[in-house]
Amino acid sequence: MSAFDHIVILTGAGLSAESGLSTFRDPDGIWAKHRIEDVATPEAFARDPETVLDFYNQRRRGARDVKPNAAHMALARLETEFPGRVTTVTQNIDPLHEWAGTRNLVHMHGEILRTFCMHCGDRMPWEDDLTVDLVCGRCGNTGGMRPDVVWFGEMPYRMDEIYEDLARCDLFLSIGTSGNVYPAAGFVVEARRAGAHTVELNLEPSEGVSMFAEVIHGKATEMVPAYVERLLNG
């Protein structure tokens with residue numbers, strides 16, 4: 001039997017990097033090439049929707065062309081085979097967790113392959129490019145169709161659920177995240193407060209590495225399958 005009953009997993013861009021998706025905060029990452037203020041805020045969309053939509057159209061095309069890696073597959077296996085509860089909370093907007101088979105999943109920053117109508121609030125799957133003259137199929141208005149992603153200055157999704165899981169978990173894994181984006185960077189504190197064992201699995205030490213009881217650094221495609229094997233088989 002596992003020593004744990006309820007696992008909460010937080011994943012970040014480092015998990016998907018080995019599938020070929022660009023990270024955001026590395027020296028050659030997305031934010032080194034684009035100003036956040038120009039492409040990832042409500043104000044940017046109001047000011048220049050074409051530029052914002054083009055930025056996310058490129059992200060959407062890239063997300064369609066990648067595949068889950070060994071780390072994604074291992075986490076899906078953990079959810080399936082672990083005798084207790086496993087909740088995966090991802091900061092990533094790509095669909096790789098779902099494609100690997102993870103089901104109990106929270107996209108706290110939204111999903112690049114979904115669209116959101118600012119006029120009526122309708123959300124729906126969307127794989128094609130978004131344009132400013134796109135008509136919402138529900139309300140019939142134009143100009144309000146945007147990616148269903150959380151921009152800077154907006155509240156991440158399903159935070160109440162996330163904090164409830166953190167308050168109940170006895171193992172918290174942080175995988176492939178820089179530890180400098182809140183509120184996710186504070187999840188380890190919430191898990192520690194609940195008495196959980198906390199583990200960082202990352203390519204290099206995160207900004208919050210000192211908060212973790214156990215730290216393993218290396219490639220996600222090597223570390224994560226090994227750690228999942230350890231959890232499942234001792």
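In plain terms, the two heavy atoms of Phe212 and Phe172 that are nearest each other are CE2-CE2, 3.9 Å. Minimum interatomic distance between Pro205 and Glu200 (heavy atoms only, all atoms of both residues): CA-OE2, 3.6 Å. In plain terms, the two heavy atoms of Phe45 and Leu53 that are nearest each other are CE1-CD2, 3.8 Å. Across Leu10 and Ala184, no two heavy atoms sit closer than the pair CD2-O, 3.7 Å. Closest of all the heavy-atom pairs between Cys169 and Ala194 is O-CB, 4.2 Å. Of all heavy-atom pairs spanning Val52 and Trp151, the tightest one is CG1-CZ2, 3.7 Å.
To the nearest 0.5 Å, atoms CD1 (Ile36) and OG1 (Thr41) are separated by 9.5 Å. Rounded to the nearest 0.5 angstrom, Ile9 CD1 and Ser174 OG are separated by 11.0 Å. His107 NE2 to Ile112 CD1: the interatomic distance, rounded to the nearest 0.5 Å, is 11.0 Å. Note that CZ of Arg64 and CG of Leu113 are 8.0 Å apart. Values are rounded to the nearest 0.5 Å. Rounded to the nearest 0.5 angstrom, Leu75 CG and Thr88 OG1 are separated by 6.0 Å. Here the straight-line distance linking atom CG of Leu166 with atom CD of Glu161 works out to 12.0 Å at 0.5 Å rounding.
Proximity of a side-chain donor or acceptor of Glu79 to a complementary backbone N or O of Arg103 within less than 3.5 Å is detected. A donor-acceptor pair is defined here as one N or O able to donate and one able to accept, closer than 3.5 Å; such a pair exists between the side chain of Asn92 and the backbone of Gly12. In this structure, Asp148 contributes its side chain and Glu111 its backbone to no donor-acceptor pair below 3.5 Å. At least one donor-acceptor pair under 3.5 Å links the side chain of Glu18 to the backbone N or O of Ala220. A donor-acceptor contact shorter than 3.5 Å is absent between the side chain of Gln91 and the backbone of Thr177.
Taking the six-membered ring where tryptophan is involved, the planes of His97 and His72 are perpendicular, since the angle between them exceeds 60° and thus also 30°.
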Chi angles and distances behind the side chain to side chain contact (heavy atoms under 4.5 Å, CB included) call for Cys117, Cys139
CA-CA 9 Å; Cys117 177; Cys139 70; 3.8 Å; yes
Can you list the steps and then say if Ser19 with Asn69 is a side chain to side chain donor-acceptor pair (under 3.5 Å)?
CA-CA 6 Å; Ser19 288; Asn69 60 47; 3.1 Å; yes
Could you go step by step and tell me if Leu130 and Arg60 meet the side chain to side chain contact (heavy atoms under 4.5 Å, CB included) rule?
CA-CA 10 Å; Leu130 290 172; Arg60 192 175 302 103; 3.3 Å; yes
When you look at His217 and Asn202, which way does the side chain to side chain contact (heavy atoms under 4.5 Å, CB included) test go after all the steps?
CA-CA 5 Å; His217 292 139; Asn202 209 23; 4.1 Å; yes
Verdict with reasoning, Met145 to Cys136, per side chain to side chain contact (heavy atoms under 4.5 Å, CB included)
CA-CA 7 Å; Met145 301 295 283; Cys136 173; 3.7 Å; yes
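By the 4.5 Å heavy-atom criterion applied to side chains, Ile216 and Tyr227 are counted as neighbours. In this structure, Leu231 and Ile7 have side chains that are in contact, with non-hydrogen atoms separated by less than 4.5 Å. Asp48 has its side chain out of reach of Asp38: every pair of non-hydrogen atoms, C-beta onward, lies at least 4.5 Å apart. Using a 4.5 Å heavy-atom cutoff, the side chains of Thr115 and Leu134 are not in contact. Side-chain contact between Leu15 and Thr90: absent, with no pair of heavy atoms (C-beta onward) separated by less than 4.5 Å. Contact annotation: the side chain of Met211 never approaches that of Thr198 to less than 4.5 Å [non-hydrogen atoms, C-beta and beyond]. Side-chain contact between Arg59 and Asp94 is absent, with no heavy-atom pair separated by less than 4.5 Å.
For the pair Arg158 and Glu164, the salt-bridge criterion is not met [side-chain N within less than 4.0 Å of a carboxylate O].
Applying the salt bridge (Lys or Arg N to Asp or Glu O under 4.0 Å) test to residues at least two apart or on different chains, the pairs with a partner in residues 137-147 are Asp122-Arg138, Arg146-Glu154.
Cluster membership for Phe55 and Met118, using ILVMFWY side-chain heavy atoms within less than 4.5 angstrom, is shared. Hydrophobic clustering of Ile, Leu, Val, Met, Phe, Trp and Tyr side chains at less than 4.5 Å, counting indirect connections, keeps Leu203 apart from Val66. There is a path of hydrophobic side-chain contacts, each under 4.5 Å, that joins Trp126 to Leu96. Hydrophobic clustering places Val224 together with Leu232 (ILVMFWY residues linked when any side-chain heavy atoms are closer than 4.5 Å, directly or through intermediates). Leu171 and Val89 end up in different hydrophobic clusters when Ile, Leu, Val, Met, Phe, Trp and Tyr side chains are linked at under 4.5 Å.
Tyr157 carries Arg123 over the face of its six-membered ring, with the cationic atom under 6.0 Å from the centre and within 45° of the normal. Cation-pi geometry between Arg114 and Phe116 is not met at under 6.0 angstrom from the ring centre and within 45 degrees of the axis.
For Met159, the side chain to side chain contact (heavy atoms under 4.5 Å, CB included) partners are Met108, Met155, Pro156, Ile162, Tyr163, Pro183, Phe187, not counting sequence neighbours.
The only member of Val215, Leu173, Val188 that meets side chain to side chain contact (heavy atoms under 4.5 Å, CB included) when paired with Val199 is Leu173.
In this structure, Arg168 places its CZ atom where only 12 or fewer heavy-atom neighbours from other residues, nucleotides or ligands lie under 6.0 Å away.
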